[in-house]
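The structure under discussion appears below in the form of structure tokens.
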Amino acid sequence: MARLSTTAPFRHPRDTEIFRLAIPTFFALVSEPLFLLTDSAVVGSLGTAALGGLGVASQILLTFANLCIFLAYGTTAAVSRRFGAGQIALGLRHGIDGVWLAVLIAATAITLGWPLSPLLIDALGASPTVAPYALTYLRISLLSLPGLLIIMAGTGVLRGLQNARIPLFVTVSANLANIVLSMLFVWGLGWGIAGSAWATVVAQSGGAAIYLVVLVRAAQRHGVSFAPTRSGLRDAAASGFALFIRTVSLRAVLVVTTAIAARLGDPEIAAHQVVFQLWSLLVFALDAIAIAGQSIVGRYLGASDVPGAREVTRRMVEWGIMIGAVFTVLVLAVRPWAWIPFTDDPHVRDLILAALIVVALLQPLSGVVMVLDGILMGAGDQRYLAWTSLWTMLIFLPCAALVPLFAVPGSVTGLVLLWSAFGVWIAARGVFLGVRASGTAWLVTGAGSPR
């Protein structure tokens, strides 16, 4: 890892450009887990089985969304390089083809996902009481996928153009609408867990419509056709393949974690759902700097400014450590009351309180991992990220497999051990990413993104 600078910890010449993108990105990212936490609280009022069903179905949907994250991250890296090289029209062309690819992927996912939903839920180990809730939520929420993937692709284009304000507006607006509609449909109309799912469909579709308007206008200004091109669709898919492999490995870790929690028992999966959403809230906050790193590093390398890329990388790593340390203190401070909005089950409460200690201790290391992952992604170092994710997944799986063997029924040990295994995975990622960032192989310059 690059040596930390000796400047004052909260003052640095690069901070202005970092936070010009990171601050609006932070609020955009943090609104998503805040919505999910609110959704968990709304659905949690329906009982432990409904909350567990939301947890299982959400992991399936999040897995799919993260498998398609290349629509955002790959686009950000490619467009920011072209922006740095002064080739904005070419960047828009790449992004528009990414939007069409998003539509095709979503249509395929809906077609296959509906009949496969029971099998997916069963694969995650949902109990007979949890499974019906999970099936209802999953099948309805599949209809939100076109909107979700269009939002991903559109976000990647705008962040690549160094614009984080419009993604902030769309994300916050969609998530606020989601919260209001969820409470209306679940509590006001009495639709149960189905109401929460329909709220997601409406909100995501509205957000996608805004992005389409913005991108059509940008294409018109720069003389770029909004029609798809066969070569562009092929290039967009090819450029995202390594990121797809990376994300498959990352999601495998999260899915295995959820599957083990489900097999430990209904209280464990319900508590894991809450802890996972709290962890996601912190990760998304740290990811704001990582995504700023994608945009900024891509721009510097596109402009062939290697010293600038090095310096901004060093500074973002510093911020990752500092913010992670703040989050450690924050989690420990709110931990005694963190369970209150989600459950009145004493065992679920104890599980949440125990697992949050592990979550708190992981935050500084998580900050470094998130930042370095975003920087290497912005540099187009996708192949290394793919291999790193595969190796670290292989380190995690044996650790996770041991958890049920040492879990004590009726105690908090199972969930604590599970989150500790998760911590081993984060530490392994930190080692691999730190070694890469300390070298020079990722510092490839020019408008074309390396694959």
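Reckoned from all heavy atoms, side chains included, excluding hydrogens, waters and symmetry mates.
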- Applying ring-ring contact (aromatic ring centres under 6.0 Å, His included), name anything that partners F422, two or more places apart in sequence or on another chain. W279, W419, W425
- Task: Walk me through it: do H272 and T258 pass the test side-chain contact (heavy atoms from CB on, under 4.5 Å)?
- Result: CA-CA 7 Å; H272 177 73; T258 299; 3.5 Å; yes
- Item | Other residues, nucleotides, ligands: >12 heavy atoms within 6.0 Å of Y384 OH |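 Enclosed.
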- Query: Any salt bridge (charged side-chain N to carboxylate O under 4.0 Å, His left out) pairs touching residues 100-115, not counting sequence neighbours?
  - Reply: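 Sorted result for residues 100-115: empty, none.
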- Query: Is there any salt bridge (charged side-chain N to carboxylate O under 4.0 Å, His left out) pair reaching into residues 95-104, and which pairs are they, with sequence neighbours excluded?
  - Reply: R93-D97
- V297 vs M316, side-chain contact (heavy atoms from CB on, under 4.5 Å): CA-CA, chis, key distance, verdict: CA-CA 11 Å; V297 169; M316 285 187 282; 4.1 Å; yes
- Going through the checks in order, is the side-chain contact (heavy atoms from CB on, under 4.5 Å) test met by F226 and L212? CA-CA 10 Å; F226 206 81; L212 289 176; 4.2 Å; yes
Check for a donor-acceptor pair, side chain of [X] on one end and backbone N or O of [Y] on the other, with a separation under 3.5 Å.
X	Y	value
S144	S141	yes
N178	T200	yes
D305	G308	yes
T392	S389	yes
T328	A360	yes

Any residue meeting side chain to side chain contact (heavy atoms under 4.5 Å, CB included) with [X], in chain and number order, not counting sequence neighbours:
X	result
L402	L405, F406
L161	V79, F83, I88, L92, V157
L21	Q162, A164, A292, S295, I296
V170	I166, I210, Y211

Please report the interatomic distance [atom1]([X]) to [atom2]([Y]), rounded to the nearest 0.5 Å.
X	Y	atom1	atom2	result
I375	R314	CD1	CZ	11.0 Å
I69	T247	CD1	OG1	7.0 Å
Y137	S58	OH	OG	5.0 Å
Y300	R310	OH	CZ	14.5 Å
I151	T171	CD1	OG1	7.0 Å
I357	L362	CD1	CG	12.0 Å

- Message: Salt bridge or not between E318 and R315? Use side-chain N to carboxylate O under 4.0 Å.
- Response: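 A salt bridge is present here (some side-chain N lies under 4.0 Å from a carboxylate O).
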- Any residue meeting side-chain hydrogen bond (donor to acceptor under 3.5 Å, both in side chains) with R335, in chain and number order, not counting sequence neighbours: none
- Query: At their closest point, which heavy atom of G320 faces which heavy atom of V371, and how far apart are they?
  - Reply: CA-CG2, 4.0 Å
- Message: Strictly by side chain to side chain donor-acceptor pair (under 3.5 Å), give each pair with a member in residues 357-376 just once, sequence neighbours left out.
- Response: R246-D373, D373-R429
- Is any side-chain heavy atom of L148 less than 4.5 Å from a side-chain heavy atom of F64?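 A side-chain contact under 4.5 Å is absent here.
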- Any R436 side-chain heavy atom under 4.5 Å of L376 side chain: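 Answer yes - side chains close enough.
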- Message: So, using salt bridge (Lys or Arg N to Asp or Glu O under 4.0 Å) as the criterion, who are the partners of R263 when residues are at least two apart?
- Response: none
Could you pull out all donor-acceptor pairs under 3.5 Å where a side-chain atom in residues 110-126 meets a protein atom, sequence neighbours excluded?
residue	atom	partner	partner atom	Å
T111	OG1	A107	O	2.9
S117	OG	G113	O	2.7

- Worked verdict on W387 versus I245 for side-chain contact (heavy atoms from CB on, under 4.5 Å): CA-CA 8 Å; W387 281 109; I245 297 299; over 6 Å; no
